[in-house]
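Chain A is the first sequence line, chain B the second, and so forth, proteins listed ahead of strands; every chain is numbered from 1. Just so it is clear, the values below take in all heavy atoms, side chains as well, and ignore hydrogens, waters and symmetry mates. Everything numeric here is computed off the predicted structure, so don't read it as measured data.
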Amino acid sequence: MSDLKRIKPWLYEIPKSGGMRVPGRIYATPALMESQKADECIQQVRNVAHLPGIVDYSLAMPDFHWGYGFPIGGVAAFDADEGVVSPGGVGYDINCGIRIVRTDLDRAAIQPRLREIVKNLFHAIPAGVGSDGAIPTPKGEDARAIVTQGARWAVEHGYGTPDDLLHIEDGGLYPGADPDVVSARAFARGMPQVGTLGSGNHFLEIQVVDAVYRKDVADHFGLKEGTVCFSIHSGSRGFGYQVCDDFLKSMMQASKNYGIELPDRQLCCAPLSSPEAKRYLAAMACAANFAWVNRQVMTALTRRVLAQTLAVSEESLGARLVYDVCHNIAKFEEHGGRKVCVHRKGATRAFGPGHPLLPEAYRSLGQPTFIPGDMGRASFLLVGKEGSMRETFGSTCHGAGRAHSRTAMKRMMQGRNLFKMLEEERGVIVMAHGRDSVAEEMPEAYKDASLVVDVMEQAGVTDTVARLRPIGCIKG
DNA sequence: ATGTAC
């Protein structure tokens with residue numbers, strides 16, 4: 001802790017010491033540094049810096065907090081030839097991510113029916129631990145196609161439009177997926193869960209744009225003040241969890257076999273050139289594709305519910321996908337003329353303007369990224385700037401960052417009418433499957449997301465494009 | 001995050 005150096009108003013550096021191969025860097029202000037378990041998180045940033053082939057820095061975004069091995073909010077790039085891949089650098093919820101869909105509706109058009117919309121969404125989209133049954137369980141060739149084709153499978157089966165695919169990171173397809181390296185148990189757990197929200201901090205929200213800061217980008221994506229949007233935050237459910245769990249075991253063994261010294265067993269990894277790494281990446285790709293199908297199916301269900309509740313056609317909603325991002329993934333990319341495997345765990349890709357991997361329609365603007373806040377305050381649409389390519393391997397933050405533990409929140413919220421608080425104090429109609437999950441996720445549990453996105457803007461990594469306020473929410 | 005430990 002004592003060796004932390006504040007090198008810019010928004011940036012701390014941890015100098016190289018002991019077995020660290022590179023220094024650490026944490027994007028944060030002093031206020032954001034005073035988070036729960038900050039010392040443990042800083043140690044996790046240090047630990048990651050020990051791994052073979054790490055390039056430049058072990059990074060943490062301003063919403064960083066303690067995670068399995070790597071900190072959540074961590075970004076680390078490993079040389080494609082000499083580096084490693086680590087399941088702990090991706091996380092249990094492989095391709096957890098978020099998407100935002102804009103509509104032609106304004107707040108006045110839905111306000112009278114809002115309670116009914118929330119109720120109908122709550123019944124159409126299963127949520128909570130172990131939830132399933134949103135669509136008939138995909139079997140056989142469909143199950144394999146889901147994990148090899150990603151979002152395209154959903155569109156080809158009536159869930160969404162081809163236009164959606166243009167507004168998903170990498171088109172909603174992670175290449176190199178091999179279903180044969182994924183356990184039968186992952187398929188058995190995951191397939192009944194396609195189109196389900198899950199639990200924890202996952203949600204489906206109805207939101208209204210309440211401020212626009214970059215009109216050029218907002219206009220391009222059809223967002224102006226008063227525009228009704230919905231956003232979906234979910235991941236790869238039991239499928240990704242099982243993949244991670246299965247491969248942590250083989251990676252523990254691989255670390256030993258290849259003689260990799262680990263400051264923490266949870267950083268287990270394998271050289272990118274090894275068969276173990278290739279198998280993990282092929283399985284991780286399956287889970288990434290599963291998560292995109294999951295969010296894509298829920299998007300289609302939401303359009304259906306909105307149209308039915310408002311008694312209008314789906315087309316008339318103008319419900320176009322603005323963007324879908326992953327925030328738990330490892331990807332091969334080129335940075336500084338070098339091929340690296342970028343691990344983003346609770347961090348979002350945010351390529352700067354002109355990046356060749358961005359679709360032409362918005363390449364000149366930079367990559368859009370969506371940052372969920374909490375149930376009561378605001379979420380933010382961002383766009384990548386040049387600084388992200390220079391400093392953070394094309395990455396930015398992913399959320400507000402927790403300020404109080406789940407157990408502390410349950411204690412703090414004891415005996416209070418949470419749904420009434422959210423509706424009367426925050427103006428949000430919430431429906432959830434469990435009272436505890438709402439207590440754990442109350443706005444008070446989180447830091448203000450605006451502080452987090454401000455740090456990334458100060459650093460020249462991302463610009464804030466628009467702010468959205470929640471008016472309806474369903475949760476597990 | 002997660003059939004919150006097979």
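Between the P atom of B:dT2 and the CD atom of A:Gln242 lies a distance of 13 Å, rounded to the nearest Å. Between the P atom of B:dT2 and the CZ atom of A:Phe247 lies a distance of 20 Å, rounded to the nearest Å. For A:Arg406 and B:dT4, the CZ to P distance is 15 Å, given to the nearest whole Å. Distance A:Ile72 CD1 to B:dT2 C1': 13 Å, rounded to the nearest Å. Straight-line distance from the CD atom of A:Gln193 to the C1' atom of B:dT2: 9 Å, rounded to whole Å. Rounded to an integer number of Å, the gap from CG of A:Asn95 to P of B:dT2 is 13 Å. What separates CG of A:Asp93 from C1' of B:dT2 is a distance of 9 Å, to the nearest Å. In this structure, A:Asp245 places its CG atom 11 Å from P of B:dT4, rounding to the nearest Å.
For A:Arg435, the CZ atom counts as densely surrounded, since its 6.0 Å shell holds more than 12 non-hydrogen atoms of other residues, nucleotides or ligands.
The aromatic ring centroids of A:His398 and A:His233 lie 6.0 Å or more from each other. A distance below 6.0 Å separates the ring centres of A:Phe239 and A:Phe187.
Among the protein residues, A:Ser199 comes within range of the nucleic acid bases, having at least one heavy atom under 4.0 Å from a base atom. Within 4.0 Å (heavy atoms only), A:Gly200 reaches sugar-phosphate atoms of the nucleic acid but no base atom.
A donor-acceptor pair under 3.5 Å is absent between the side-chain atoms of A:Lys475 and the main chain of A:Ser437, judged by distance alone.
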